[in-house]
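Below is one structure, written out as structure tokens, with a few remarks after it.
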Amino acid sequence: MASDSRTNAGYDQVNVCRKMHTFVRENDRALVLLTSGSLSLTQSIVELLRRDFDAGEGLARASSLYDAARVVGEQVRRVGDLDRAALERDGYKFNVHLLLGGQLRGQKPGLFLIYPEGNPLSATEESPYLQIGESKYGRPILDRGIRHDRTTLEEAAKYALISLDSTMRSNVTVGPPIDLLVYGRDELRLDRHRRLDAEDPDLKGIRAQWEQALRKAVLELPAISLRPGTG
């Protein structure tokens, strides 16, 4: 799971805000929630989820990851009931998308995307990753690289980091720090996490090596035969 930390309300109001949230009961469940869209709306959703979780309700009681995704969807709809009409009256869309990943004890890990309407979509072997937010710049890297049956967790973490970094390069609405979290089957805890700011030496090194590798690969491609035009 990887997320950036930039939020903006126009070019002159850019802030840093964490978009990765964790819900953990060690040896029972480990859940990670990523958010995108309106910051005020996603903050409300996360606050309601956290309040219930701390009270032993909601995500703390869900009996499957699908049910947990439905719990998130219920809170999306709840906030929608509170705020959607006022937002749309002033010309704003109810814009929130969330990713929920993780595992409950005794079950398989999984990943769900929750839409603004509250309905969930699951990742599958044929579509082994999901994205939210500004995804088009980094998606080609994932499409060409990720293979459900061959990509290791360590490789997937590199793909996620490169994909986000490429997006930051092409779109000013996406920016550091990057939160990167790796979870392995049946760990039921979240202790492999890294927060990389713009000057992190590992991030800068990966970026430089990736750009060099791209240029080298292009140079090594077969020459393109170009025939003179007939017109």
Which residues pass the salt bridge (charged side-chain N to carboxylate O under 4.0 Å, His left out) test with [X], not counting sequence neighbours?
| X | result |
| --- | --- |
| Arg105 | none |
| Arg25 | none |
| Lys108 | none |
| Asp90 | none |

ring-ring contact (aromatic ring centres under 6.0 Å, His included): which pairs involve [range], sequence neighbours left out?
| range | result |
| --- | --- |
| residues 153-176 | none |
| residues 181-202 | none |
| residues 137-156 | none |
| residues 24-61 | Phe23-Phe53 |

Does Gln107 have more than 12 heavy atoms from other residues, nucleotides or ligands lying within 6.0 Å of its CD?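 Counting other residues, nucleotides and ligands, CD of Gln107 exceeds 12 neighbours.
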Once side chain to side chain donor-acceptor pair (under 3.5 Å) is applied, what residue pairs with a partner in residues 72-83 remain, sequence neighbours excluded?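 Found Asp52-Gln75.
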Applying side-chain hydrogen bond (donor to acceptor under 3.5 Å, both in side chains), name anything that partners [X], two or more places apart in sequence or on another chain.
| X | result |
| --- | --- |
| Lys204 | Glu199 |
| Asp200 | Arg194 |
| Asp67 | Ser63, Ser64 |

